[in-house]
Enquirer: 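Structure in structure tokens, see below.
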Protein chains: 2
Amino acid sequence: MTEYILLGFLMEKDMTGYDMKQHMSMSTSYFVDASFGSIYPSLKRLNNKGFVALKETIENGKLKKTYSINEQGKVEFLKWLSSPIMVSRTDISSALEKIFFFRYLPHEQSIFLIEQCIHDIDRYKNSLLELKNKVDHEADPFGLCTLDFGIDCYDFAMHWCEEYLINKMR
Amino acid sequence: MTEYILLGFLMEKDMTGYDMKQHMSMSTSYFVDASFGSIYPSLKRLNNKGFVALKETIENGKLKKTYSINEQGKVEFLKWLSSPIMVSRTDISSALEKIFFFRYLPHEQSIFLIEQCIHDIDRYKNSLLELKNKVDHEADPFGLCTLDFGIDCYDFAMHWCEEYLINKMR
DNA sequence: TCAAACATGTAACACGTTACATGATTTG
DNA sequence: CAAATCATGTAACGTGTTACATGTTTGA
């Protein structure tokens with residue numbers, strides 16, 4: 001959800017669409033890196049929904065649209081941020097979209113959401129372990145390898161959340 | 001690319017669209033798990049392109065369309081499989097799409113592609129390390145955390161390819 | 001008998017990318 | 001003076017999902 005990322009950026013300071021693209025490449029690019037063809041229409045939608053205000057200025061002969069988040073936008077952003085992290089089975093790094101903005105959430109709530117996330121990942125891991133048991137004898141080596149990758153990857157993510165993130169927070 | 005996954009399944013045996021969905025949930029579901037709304041149109045396209053043949057039968061009163069891959073389809077699949085793995089910066093597990101089918105490739109070629117893939121991931125990792133140096137002083141803790149996740153995740157993937165995959169293959 | 005599994009398919013929608021279109025200013 | 005950077009935007013396309021539509025057979 002590009003729109004929420006942009007809203008999150010505006011929590012820090014006012015920006016133009018161009019600024020946001022720069023900012024993205026310096027911060028979220030590992031897990032979200034939207035193109036201008038996605039940023040500008042998103043900004044327009046955020047404006048239509050009444051979550052942001054924009055100020056048009058002309059600087060060095062160039063039209064500049066500076067966006068700022070309003071009260072309604074902040075409420076919407078915080079509502080999104082404090083709702084459960086939906087970890088995708090096929091892409092754990094999707095969880096970072098929210099974790100990235102956890103400075104805007106009370107510590108205890110962040111920890112609660114991360115613990116919930118760890119639990120979800122653990123369920124994914126267990127379903128893969130079950131699958132592995134079922135399939136162990138028949139599957140070809142590469143099929144088994146990719147299964148193992150999944151299991152190890154879930155382990156890595158849980159370990160990272162537990163040992164690195166939560167320990168760092170307390 | 002769902003179409004290539006389906007083509008890959010047909011390398012093993014003839015199947016219906018329904019079979020492929022089952023097969024997916026038992027094998028590739030960790031990194032690819034397409035819905036029927038994606039599988040059936042893909043199968044139609046593969047047929048239009050002349051990569052598969054289909055045989056319609058009626059079994060227990062139900063229409064059944066059994067697909068099989070033809071020579072042209074095999075050529076296309078192997079062409080895809082032997083081309084460089086395009087690892088996404090935001091989703092390393094996308095590499096599994098090809099690795100899963102590496103039993104259809106000569107060992108040396110698989111190893112070459114994996115080594116190339118490791119190299120690409122290493123470049124991603126280095127760009128994140130550079131970014132971290134640039135940003136280390138100013139960024140907030142969670143921003144730094146997600147950066148670290150990226151770096152660690154690339155490390156995990158490379159380590160897995162190197163130590164687990166390639167070692168297992170020799 | 002009723003739900004689950006078998007079996008196929010379409011239409012609307014979501015969300016993103018690439019390429020195109022435009023044009024000023026700054027820097028080598 | 002040419003290229004990069006600043007700055008905004010649209011249109012076509014790609015690729016997937018969810019929900020709907022339809023119907024049979026099998027098992028509890």
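First the proteins, then the strands, lettered A, B, ... as listed; each starts at 1. Note that the structure is a prediction, hence the values are computed from the model and not measured.
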Enquirer: Can Y4(B) and K98(B) be said to form a side chain to side chain contact (heavy atoms under 4.5 Å, CB included), step by step?
Expert: CA-CA 9 Å; Y4(B) 287 106; K98(B) 275 184 189 171; over 6 Å; no
Enquirer: May I ask you to list the residues of residues 36-56 of chain A, by number, that have any heavy atom positioned under 4.0 Å from an atom of DNA chain C?
Expert: G37(A), S38(A)
Enquirer: Going by ring-ring contact (aromatic ring centres under 6.0 Å, His included), name the residues that satisfy it together with F101(B), two or more places apart in sequence or in a different chain.
Expert: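 F101(B) satisfies ring-ring contact (aromatic ring centres under 6.0 Å, His included) with F77(B) only.
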Enquirer: Output yes when a side-chain donor or acceptor of N126(B) lies under 3.5 Å from a complementary backbone atom of D122(B), and no otherwise.
Expert: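 Side chain of N126(B) to backbone of D122(B): a pair is present.
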Enquirer: Is it true that atom NE2 of H119(B) has more than 12 heavy atoms of other residues, nucleotides or ligands lying nearer than 6.0 Å?
Expert: no
Enquirer: Could you tell me how the ring of Y18(B) sits relative to the ring of F36(B): parallel (under 30°), tilted (30 to 60°) or perpendicular (over 60°)?
Expert: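 Correct class here is parallel.
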Enquirer: Can a side chain N or O of K65(A) be found less than 4.0 Å away from OP1 or OP2 on dT8(D)?
Expert: no
Enquirer: Encode nucleotides 20-28 of chain C as B, S and - characters from 5' to 3', where the letter depends on protein heavy atoms closer than 4.0 Å: B to the base, S only to sugar-phosphate, - to neither.
Expert: ---BSS---
Enquirer: Hey, mind stepping through K62(B) and E59(B) against salt bridge (charged side-chain N to carboxylate O under 4.0 Å, His left out) and telling me if it holds?
Expert: CA-CA 5 Å; K62(B) 280 167 283 177; E59(B) 216 164 280; over 6 Å; no
Enquirer: Let me see the working for K49(A) and E3(A) under salt bridge (charged side-chain N to carboxylate O under 4.0 Å, His left out), right down to the final yes or no.
Expert: CA-CA 11 Å; K49(A) 288 175 189 167; E3(A) 282 177 43; 2.7 Å; yes
Enquirer: Enumerate donor-acceptor pairs with a distance under 3.5 Å from any side-chain N or O in residues 155-166 of chain B to protein atoms, sequence neighbours excluded.
Expert:
| unit_1 | atom_1 | unit_2 | atom_2 | d |
| --- | --- | --- | --- | --- |
| D155(B) | OD1 | K125(B) | NZ | 3.0 |
| Y164(B) | OH | D148(A) | OD2 | 2.4 |
| Y164(B) | OH | K168(B) | NZ | 3.0 |

Enquirer: Y104(B) side chain to L81(B) main-chain N or O, any donor-acceptor pair under 3.5 Å?
Expert: no
Enquirer: Give me the residues of residues 1-27 of chain B where at least one heavy atom lies under 4.0 Å from an atom of DNA chain D, by number, or none.
Expert: M1(B), T2(B)
Enquirer: If you round to the nearest 0.5 Å, how far is CD1 of I92(A) from CZ of F149(B)?
Expert: 4.5 Å
Enquirer: Could you tell me the separation between the CD atom of E97(B) and the C1' atom of dT15(D), rounded to a whole number of Å?
Expert: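 The distance from CD of E97(B) to C1' of dT15(D) comes to 12 Å, rounded to the nearest Å.
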Enquirer: Does the S29(A) side chain pair with the main chain of M26(A), one donor and one acceptor, at a distance under 3.5 Å?
Expert: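 It does not hold such a pair.
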Enquirer: Find the distance I58(A):CD1 to dT8(D):C1' and express it as a whole number of Å.
Expert: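 Roughly 13 Å, once rounded to whole Å.
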Enquirer: Evaluate side chain to side chain contact (heavy atoms under 4.5 Å, CB included) for V32(A) paired with F100(A), printing each intermediate quantity in order.
Expert: CA-CA 11 Å; V32(A) 172; F100(A) 181 80; over 6 Å; no
Enquirer: To the nearest angstrom, how far is D91(A) atom CG from dT17(D) atom P?
Expert: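 In whole Å, dT17(D) P lies 14 Å from D91(A) CG.
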Enquirer: Could you walk me through whether Q109(B) and S82(B) pass side chain to side chain contact (heavy atoms under 4.5 Å, CB included), step by step?
Expert: CA-CA 8 Å; Q109(B) 200 168 357; S82(B) 56; 3.2 Å; yes
Enquirer: As a check on the pairing definition, encode DNA chain C in dot-bracket form, counting Watson-Crick and G-U wobble pairs whose two distances are under 3.5 Å, and using | for partners outside this strand.
Expert: ||||||||||||||||||||||||||||
